[in-house]
Amino acid sequence: MIKKLKVQSSKLKILCFIFLLFTVHCSLFTVSACSPQKEKIYRKSKALMDTLITISAVSGSGDKAEKAIDRAFSEIEKLDSLLNFFSDNSELSEINRNAGLKAVAVSPETFEVIEKAIYASGKTSGAFDITIGSVTTLWDFHKRVKPEDKQIKERLPLVNYKNVILNKKSSSVYLKKRGMLIDLGGIAKGYAADKAVEALKREGIKSGLVAVSGEIKAFGLKPDSKPWKIGIRNPRAKNKEDEIMATIEMTGMAISTSGDYERYFIIEGKRYHHILNPKTGYPSDGCRSVSIIAKDGSVTDSFSTGIFVLGAEKGIKLLEEMGIDGIIIGKNGKIHTTPNLREKLEIIRDSQRQKSTD
Ligand code: ADP
Ligand code: MG
(Lines give C-alpha, C1' and ligand atoms only; values in the text may rest on other atoms or scores of the structure.)
(Ligands and ions follow the chains in the order given, each with its own letter.)
Protein backbone atom coordinates (compact mmCIF):
# COMPACT_ATOMS: atom_id res chain seq x y z
CA MET A 1 0.00 0.00 0.00
CA ILE A 2 2.69 2.47 1.05
CA LYS A 3 4.70 1.69 -2.10
CA LYS A 4 1.69 2.40 -4.33
CA LEU A 5 1.08 5.67 -2.57
CA LYS A 6 4.68 6.70 -3.00
CA VAL A 7 4.38 6.52 -6.75
CA GLN A 8 1.21 8.58 -6.62
CA SER A 9 2.92 11.10 -4.44
CA SER A 10 5.72 11.73 -6.94
CA LYS A 11 3.12 12.13 -9.69
CA LEU A 12 1.28 14.53 -7.46
CA LYS A 13 4.41 16.60 -7.08
CA ILE A 14 4.64 17.06 -10.83
CA LEU A 15 0.92 17.77 -11.13
CA CYS A 16 1.02 20.30 -8.34
CA PHE A 17 4.03 21.94 -9.92
CA ILE A 18 2.30 22.32 -13.26
CA PHE A 19 -0.91 23.36 -11.56
CA LEU A 20 0.84 26.05 -9.59
CA LEU A 21 2.75 27.36 -12.55
CA PHE A 22 -0.32 28.00 -14.61
CA THR A 23 -3.32 28.26 -12.33
CA VAL A 24 -2.41 29.28 -8.84
CA HIS A 25 -4.78 28.14 -6.11
CA CYS A 26 -4.34 31.41 -4.23
CA SER A 27 -2.55 33.73 -6.65
CA LEU A 28 0.03 36.17 -5.49
CA PHE A 29 0.14 39.61 -7.00
CA THR A 30 3.62 40.71 -6.10
CA VAL A 31 5.91 43.06 -7.95
CA SER A 32 9.64 43.15 -7.35
CA ALA A 33 9.63 46.95 -7.09
CA CYS A 34 12.42 49.07 -5.59
CA SER A 35 11.76 51.45 -2.68
CA PRO A 36 14.03 54.41 -1.81
CA GLN A 37 15.99 51.98 0.49
CA LYS A 38 16.48 49.74 -2.55
CA GLU A 39 14.62 46.91 -0.91
CA LYS A 40 13.50 44.16 -3.26
CA ILE A 41 11.44 41.02 -3.11
CA TYR A 42 13.68 37.95 -3.42
CA ARG A 43 11.89 34.73 -4.23
CA LYS A 44 12.70 31.01 -4.47
CA SER A 45 10.54 27.93 -5.17
CA LYS A 46 11.05 24.25 -4.30
CA ALA A 47 9.02 21.05 -4.63
CA LEU A 48 8.55 19.73 -1.07
CA MET A 49 5.69 18.18 0.94
CA ASP A 50 4.25 16.84 -2.34
CA THR A 51 3.66 20.35 -3.62
CA LEU A 52 5.36 23.53 -4.80
CA ILE A 53 6.53 25.95 -2.12
CA THR A 54 7.47 29.57 -2.84
CA ILE A 55 9.18 31.76 -0.28
CA SER A 56 9.57 35.52 -0.77
CA ALA A 57 11.66 37.81 1.41
CA VAL A 58 11.97 41.60 1.25
CA SER A 59 15.51 42.78 1.85
CA GLY A 60 18.09 45.35 0.83
CA SER A 61 20.61 42.50 0.50
CA GLY A 62 20.31 39.56 -1.88
CA ASP A 63 22.74 37.50 0.24
CA LYS A 64 20.77 38.09 3.43
CA ALA A 65 17.50 37.23 1.70
CA GLU A 66 18.93 34.05 0.18
CA LYS A 67 20.36 32.86 3.48
CA ALA A 68 17.03 33.50 5.22
CA ILE A 69 15.02 31.77 2.50
CA ASP A 70 17.34 28.74 2.62
CA ARG A 71 16.91 28.54 6.41
CA ALA A 72 13.13 28.64 5.95
CA PHE A 73 13.33 25.83 3.37
CA SER A 74 15.49 23.76 5.78
CA GLU A 75 12.75 24.14 8.36
CA ILE A 76 10.15 22.83 5.89
CA GLU A 77 12.46 19.97 4.80
CA LYS A 78 12.75 18.94 8.45
CA LEU A 79 8.96 18.97 8.86
CA ASP A 80 8.54 17.02 5.64
CA SER A 81 10.83 14.29 6.95
CA LEU A 82 8.95 14.13 10.27
CA LEU A 83 5.37 14.32 8.98
CA ASN A 84 5.44 12.57 5.60
CA PHE A 85 2.65 10.03 5.37
CA PHE A 86 4.34 8.19 2.49
CA SER A 87 7.83 7.81 3.96
CA ASP A 88 8.53 4.77 6.14
CA ASN A 89 11.15 6.81 7.99
CA SER A 90 8.92 9.66 9.17
CA GLU A 91 7.82 9.98 12.79
CA LEU A 92 4.25 9.96 11.53
CA SER A 93 4.72 6.50 9.98
CA GLU A 94 6.25 5.31 13.24
CA ILE A 95 3.11 6.46 15.11
CA ASN A 96 0.87 4.79 12.50
CA ARG A 97 2.82 1.51 12.52
CA ASN A 98 2.43 1.32 16.29
CA ALA A 99 -1.31 1.95 16.34
CA GLY A 100 -2.91 -0.30 18.97
CA LEU A 101 0.53 -1.41 20.12
CA LYS A 102 2.38 1.36 21.96
CA ALA A 103 2.93 5.09 22.42
CA VAL A 104 5.68 6.62 20.27
CA ALA A 105 7.92 9.41 21.58
CA VAL A 106 8.14 12.18 18.99
CA SER A 107 9.84 15.53 18.40
CA PRO A 108 8.22 18.75 19.69
CA GLU A 109 7.08 19.67 16.14
CA THR A 110 5.26 16.38 15.49
CA PHE A 111 3.63 16.60 18.91
CA GLU A 112 2.61 20.23 18.38
CA VAL A 113 1.03 19.74 14.96
CA ILE A 114 -1.00 16.76 16.21
CA GLU A 115 -2.06 18.75 19.29
CA LYS A 116 -3.23 21.61 17.03
CA ALA A 117 -5.10 19.13 14.84
CA ILE A 118 -6.93 17.68 17.85
CA TYR A 119 -7.87 21.23 18.90
CA ALA A 120 -9.41 21.81 15.44
CA SER A 121 -11.30 18.52 15.74
CA GLY A 122 -12.83 19.57 19.06
CA LYS A 123 -13.88 22.98 17.71
CA THR A 124 -15.40 21.52 14.51
CA SER A 125 -17.18 18.64 16.34
CA GLY A 126 -15.01 16.13 14.51
CA ALA A 127 -15.55 17.57 10.98
CA PHE A 128 -11.76 17.93 10.89
CA ASP A 129 -10.23 14.62 11.92
CA ILE A 130 -6.66 13.53 11.14
CA THR A 131 -7.55 9.90 11.91
CA ILE A 132 -9.32 9.92 8.52
CA GLY A 133 -6.09 8.26 7.19
CA SER A 134 -7.48 4.71 7.00
CA VAL A 135 -10.24 6.03 4.69
CA THR A 136 -8.18 8.52 2.59
CA THR A 137 -5.95 5.58 1.58
CA LEU A 138 -8.98 3.83 0.02
CA TRP A 139 -9.59 6.73 -2.41
CA ASP A 140 -7.37 7.66 -5.36
CA PHE A 141 -8.37 10.94 -6.96
CA HIS A 142 -5.80 10.69 -9.77
CA LYS A 143 -6.69 7.16 -10.81
CA ARG A 144 -10.41 7.80 -10.26
CA VAL A 145 -10.64 5.04 -7.65
CA LYS A 146 -13.89 5.07 -5.69
CA PRO A 147 -13.88 2.41 -2.95
CA GLU A 148 -16.75 0.01 -2.36
CA ASP A 149 -19.27 1.12 0.23
CA LYS A 150 -18.42 -1.99 2.27
CA GLN A 151 -14.71 -1.08 2.38
CA ILE A 152 -15.51 2.40 3.67
CA LYS A 153 -17.91 1.10 6.33
CA GLU A 154 -15.28 -1.36 7.58
CA ARG A 155 -12.79 1.46 8.13
CA LEU A 156 -15.09 4.05 9.73
CA PRO A 157 -14.66 2.65 13.31
CA LEU A 158 -10.97 3.53 12.96
CA VAL A 159 -11.80 7.22 12.45
CA ASN A 160 -12.10 9.10 15.73
CA TYR A 161 -9.73 11.80 16.96
CA LYS A 162 -10.70 10.93 20.56
CA ASN A 163 -8.64 7.75 20.14
CA VAL A 164 -5.44 9.77 19.75
CA ILE A 165 -3.78 9.82 23.16
CA LEU A 166 -1.28 12.63 23.65
CA ASN A 167 1.12 12.65 26.58
CA LYS A 168 2.82 16.03 26.90
CA LYS A 169 5.28 14.90 29.60
CA SER A 170 6.74 12.12 27.49
CA SER A 171 5.98 13.95 24.19
CA SER A 172 4.37 10.76 22.95
CA VAL A 173 1.45 9.85 20.71
CA TYR A 174 -0.59 6.66 20.95
CA LEU A 175 -3.32 5.53 18.58
CA LYS A 176 -5.70 3.36 20.54
CA LYS A 177 -6.88 1.03 17.76
CA ARG A 178 -4.86 -1.26 15.49
CA GLY A 179 -5.23 -0.07 11.89
CA MET A 180 -5.76 3.60 12.78
CA LEU A 181 -3.83 5.99 10.53
CA ILE A 182 -3.12 9.68 11.02
CA ASP A 183 -3.06 11.72 7.79
CA LEU A 184 -1.81 15.28 8.31
CA GLY A 185 -2.66 16.39 4.74
CA GLY A 186 -5.19 18.88 6.10
CA ILE A 187 -2.85 20.73 8.49
CA ALA A 188 0.86 20.06 7.86
CA LYS A 189 1.27 22.60 5.04
CA GLY A 190 -0.24 25.44 7.08
CA TYR A 191 1.94 24.50 10.04
CA ALA A 192 4.97 24.48 7.73
CA ALA A 193 4.10 28.02 6.54
CA ASP A 194 4.11 29.15 10.20
CA LYS A 195 7.51 27.58 10.85
CA ALA A 196 9.00 29.02 7.63
CA VAL A 197 7.84 32.55 8.57
CA GLU A 198 9.38 32.11 12.06
CA ALA A 199 12.68 31.11 10.39
CA LEU A 200 12.62 34.17 8.08
CA LYS A 201 11.99 36.47 11.06
CA ARG A 202 14.82 34.85 13.05
CA GLU A 203 17.13 35.73 10.15
CA GLY A 204 16.13 39.39 10.47
CA ILE A 205 13.68 39.54 7.56
CA LYS A 206 11.01 42.15 8.29
CA SER A 207 8.66 41.37 5.44
CA GLY A 208 7.93 38.29 3.40
CA LEU A 209 5.48 35.72 2.17
CA VAL A 210 5.44 31.93 2.32
CA ALA A 211 3.14 29.98 0.00
CA VAL A 212 2.97 26.25 0.69
CA SER A 213 0.65 25.46 -2.20
CA GLY A 214 -2.62 27.21 -1.18
CA GLU A 215 -1.53 27.86 2.41
CA ILE A 216 -0.16 31.40 2.44
CA LYS A 217 1.30 33.43 5.26
CA ALA A 218 2.38 37.07 4.85
CA PHE A 219 4.11 39.53 7.18
CA GLY A 220 5.41 43.09 6.93
CA LEU A 221 4.87 45.31 3.89
CA LYS A 222 6.11 45.07 0.31
CA PRO A 223 8.85 47.49 -0.82
CA ASP A 224 6.10 49.78 -2.15
CA SER A 225 4.82 50.01 1.49
CA LYS A 226 1.63 48.17 0.62
CA PRO A 227 0.29 44.95 2.18
CA TRP A 228 0.46 41.70 0.23
CA LYS A 229 -2.41 41.12 -2.16
CA ILE A 230 -3.79 37.59 -2.34
CA GLY A 231 -6.24 36.27 -4.90
CA ILE A 232 -9.00 33.80 -3.93
CA ARG A 233 -9.77 31.33 -6.67
CA ASN A 234 -13.15 30.90 -8.26
CA PRO A 235 -14.05 27.24 -7.55
CA ARG A 236 -15.81 26.90 -10.93
CA ALA A 237 -13.38 28.84 -13.16
CA LYS A 238 -13.87 28.04 -16.83
CA ASN A 239 -10.95 30.02 -18.21
CA LYS A 240 -7.99 32.18 -17.20
CA GLU A 241 -10.01 35.42 -16.96
CA ASP A 242 -12.45 33.66 -14.69
CA GLU A 243 -9.87 32.34 -12.28
CA ILE A 244 -9.76 34.88 -9.43
CA MET A 245 -13.07 35.71 -7.77
CA ALA A 246 -11.87 38.00 -5.00
CA THR A 247 -8.72 39.64 -3.68
CA ILE A 248 -7.68 40.63 -0.20
CA GLU A 249 -4.82 42.72 1.11
CA MET A 250 -3.21 41.34 4.24
CA THR A 251 -0.18 41.33 6.50
CA GLY A 252 0.66 39.46 9.69
CA MET A 253 -1.93 36.83 8.72
CA ALA A 254 -2.29 33.46 7.04
CA ILE A 255 -4.91 32.39 4.49
CA SER A 256 -5.82 28.86 3.41
CA THR A 257 -8.34 27.62 0.90
CA SER A 258 -9.89 24.14 0.72
CA GLY A 259 -11.82 23.44 -2.45
CA ASP A 260 -13.65 20.62 -4.21
CA TYR A 261 -11.87 21.53 -7.48
CA GLU A 262 -8.35 20.62 -6.42
CA ARG A 263 -8.28 16.84 -6.54
CA TYR A 264 -11.43 15.28 -7.90
CA PHE A 265 -13.08 13.11 -10.52
CA ILE A 266 -16.63 13.04 -11.81
CA ILE A 267 -18.65 9.83 -12.27
CA GLU A 268 -22.19 10.02 -13.66
CA GLY A 269 -22.34 13.75 -12.97
CA LYS A 270 -21.24 13.37 -9.34
CA ARG A 271 -18.08 15.05 -8.13
CA TYR A 272 -15.77 13.00 -5.87
CA HIS A 273 -13.03 15.09 -4.22
CA HIS A 274 -10.37 14.85 -1.53
CA ILE A 275 -12.11 16.48 1.45
CA LEU A 276 -13.89 13.65 3.24
CA ASN A 277 -16.63 13.71 5.81
CA PRO A 278 -15.20 11.67 8.75
CA LYS A 279 -18.71 10.51 9.66
CA THR A 280 -19.42 8.92 6.24
CA GLY A 281 -16.00 8.39 4.62
CA TYR A 282 -17.33 10.04 1.44
CA PRO A 283 -16.40 13.45 -0.04
CA SER A 284 -18.27 16.21 1.73
CA ASP A 285 -20.81 18.12 -0.32
CA GLY A 286 -21.02 20.93 2.22
CA CYS A 287 -19.33 23.61 0.08
CA ARG A 288 -17.39 24.39 -3.09
CA SER A 289 -14.60 26.22 -1.31
CA VAL A 290 -13.67 27.67 2.05
CA SER A 291 -10.99 30.32 2.66
CA ILE A 292 -9.99 31.13 6.22
CA ILE A 293 -7.90 34.08 7.40
CA ALA A 294 -6.25 33.98 10.83
CA LYS A 295 -2.90 34.55 12.51
CA ASP A 296 -1.72 30.91 12.35
CA GLY A 297 -1.38 28.83 9.20
CA SER A 298 -2.07 25.68 11.23
CA VAL A 299 -5.45 27.19 12.17
CA THR A 300 -6.34 28.40 8.66
CA ASP A 301 -5.33 25.07 7.08
CA SER A 302 -7.20 22.82 9.51
CA PHE A 303 -10.30 25.03 9.80
CA SER A 304 -10.62 25.50 6.02
CA THR A 305 -10.81 21.69 5.71
CA GLY A 306 -13.06 21.23 8.77
CA ILE A 307 -15.45 24.05 7.89
CA PHE A 308 -15.73 22.71 4.35
CA VAL A 309 -17.22 19.58 5.93
CA LEU A 310 -19.42 21.54 8.38
CA GLY A 311 -21.01 23.54 5.54
CA ALA A 312 -21.68 27.26 5.10
CA GLU A 313 -24.23 27.91 7.80
CA LYS A 314 -22.51 26.11 10.69
CA GLY A 315 -19.15 27.27 9.34
CA ILE A 316 -19.91 31.00 9.46
CA LYS A 317 -21.45 30.59 12.92
CA LEU A 318 -18.31 28.87 14.24
CA LEU A 319 -16.01 31.46 12.66
CA GLU A 320 -17.98 34.31 14.23
CA GLU A 321 -17.85 32.59 17.65
CA MET A 322 -14.10 32.19 17.32
CA GLY A 323 -13.52 35.70 15.90
CA ILE A 324 -11.89 34.31 12.76
CA ASP A 325 -12.50 35.61 9.23
CA GLY A 326 -13.64 33.42 6.37
CA ILE A 327 -15.28 33.32 2.98
CA ILE A 328 -17.32 30.27 2.06
CA ILE A 329 -18.64 29.41 -1.38
CA GLY A 330 -21.64 27.23 -0.61
CA LYS A 331 -22.68 24.15 -2.54
CA ASN A 332 -24.90 26.25 -4.83
CA GLY A 333 -22.26 28.90 -5.41
CA LYS A 334 -23.57 31.42 -2.88
CA ILE A 335 -20.87 33.56 -1.26
CA HIS A 336 -20.94 33.71 2.56
CA THR A 337 -18.48 35.90 4.48
CA THR A 338 -17.94 36.76 8.12
CA PRO A 339 -19.13 40.36 8.73
CA ASN A 340 -15.63 41.62 9.48
CA LEU A 341 -14.29 40.50 6.14
CA ARG A 342 -16.87 42.17 3.91
CA GLU A 343 -15.15 45.53 3.67
CA LYS A 344 -11.69 43.96 3.29
CA LEU A 345 -12.59 41.71 0.35
CA GLU A 346 -12.66 42.93 -3.18
CA ILE A 347 -15.08 40.68 -5.05
CA ILE A 348 -14.12 40.51 -8.71
CA ARG A 349 -16.59 37.91 -9.76
CA ASP A 350 -19.68 36.56 -8.07
CA SER A 351 -19.64 32.80 -8.63
CA GLN A 352 -23.31 32.71 -7.59
CA ARG A 353 -24.23 34.10 -10.97
CA GLN A 354 -22.38 31.29 -12.70
CA LYS A 355 -24.26 28.24 -13.81
CA SER A 356 -23.20 25.16 -11.91
CA THR A 357 -21.48 22.47 -13.98
CA ASP A 358 -22.27 19.61 -11.63
P1 ADP B 1 -5.04 20.65 0.27
O2 ADP B 1 -4.18 19.63 0.92
O3 ADP B 1 -5.31 20.36 -1.14
O4 ADP B 1 -4.61 22.05 0.54
P5 ADP B 1 -6.93 20.60 2.43
O6 ADP B 1 -6.11 21.50 3.26
O7 ADP B 1 -8.38 20.87 2.43
O8 ADP B 1 -6.47 20.55 0.93
O9 ADP B 1 -6.71 19.14 2.99
C10 ADP B 1 -7.23 18.02 2.34
C11 ADP B 1 -6.41 16.86 2.77
O12 ADP B 1 -6.63 16.63 4.18
C13 ADP B 1 -6.80 15.57 2.08
O14 ADP B 1 -6.02 15.33 0.95
C15 ADP B 1 -6.56 14.52 3.18
O16 ADP B 1 -5.19 14.20 3.23
C17 ADP B 1 -6.91 15.27 4.44
N18 ADP B 1 -8.34 15.24 4.80
C19 ADP B 1 -9.42 14.98 4.01
N20 ADP B 1 -10.57 15.11 4.69
C21 ADP B 1 -10.21 15.47 5.96
C22 ADP B 1 -10.94 15.76 7.15
N23 ADP B 1 -12.27 15.73 7.20
N24 ADP B 1 -10.23 16.07 8.28
C25 ADP B 1 -8.89 16.11 8.26
N26 ADP B 1 -8.14 15.87 7.16
C27 ADP B 1 -8.79 15.56 6.03
MG1 MG C 1 -6.45 22.26 5.01
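Side chains are part of it too, since the values below use all heavy atoms of this structure and drop only hydrogens, waters and symmetry mates. Ligands are counted one by one from 1 in listed order, and the atoms in each one are counted from 1 as well.
- Any N or O atom pair closer than 3.5 Å counts here, and His274 shares at least one such pair with ligand 1.
- Contacts of Glu262 with ligand 1, taken as heavy-atom pairs under 4.0 Å, involve the side chain alone.
- Considering every non-hydrogen atom in both Thr280 and Ile152, the closest pair reads O-CG2, 3.3 Å.
- Distances shorter than 4.0 angstrom do not occur between any heavy atom of Gly214 and any atom of ligand 1.
- Close contacts of ligand 1 with Arg263, meaning ligand atoms under 4.0 Å from a residue heavy atom, involve 2 (O), 3 (O), 14 (O).
- Residue contacts with ligand 1 for Asp129 involve N, CA, C or O but no side-chain atom from C-beta outward (heavy atoms, distance under 4.0 Å).
- Between the side chains of Asp149 and Tyr282, at least one donor N or O sits under 3.5 Å from an acceptor N or O.
- Side-chain atoms of Glu109 and Tyr191 form no donor-acceptor pair, as typed in the model, at a separation below 3.5 Å.
- At least one heavy atom of Ala127 sits under 4.0 Å from some atom of ligand 1.
- Residue Ser291 is tested with Thr257, Thr337, Asp325 for a side-chain hydrogen bond (donor to acceptor under 3.5 Å, both in side chains); the sole match is Thr257.
- Evaluated by nearest non-hydrogen atom to atom 11 (C) of ligand 1, the leading choice among Ser121, Gly259, Gly185 is Gly185.
- For ligand 1, the polar-atom distance check finds an N/O of Lys189 within less than 3.5 Å of one of the ligand's N/O atoms.
- With the Mg ion (ligand 2) at the apex, Asp301 O and Thr305 OG1 define an angle of roughly 80° (rounded to 10 degrees).
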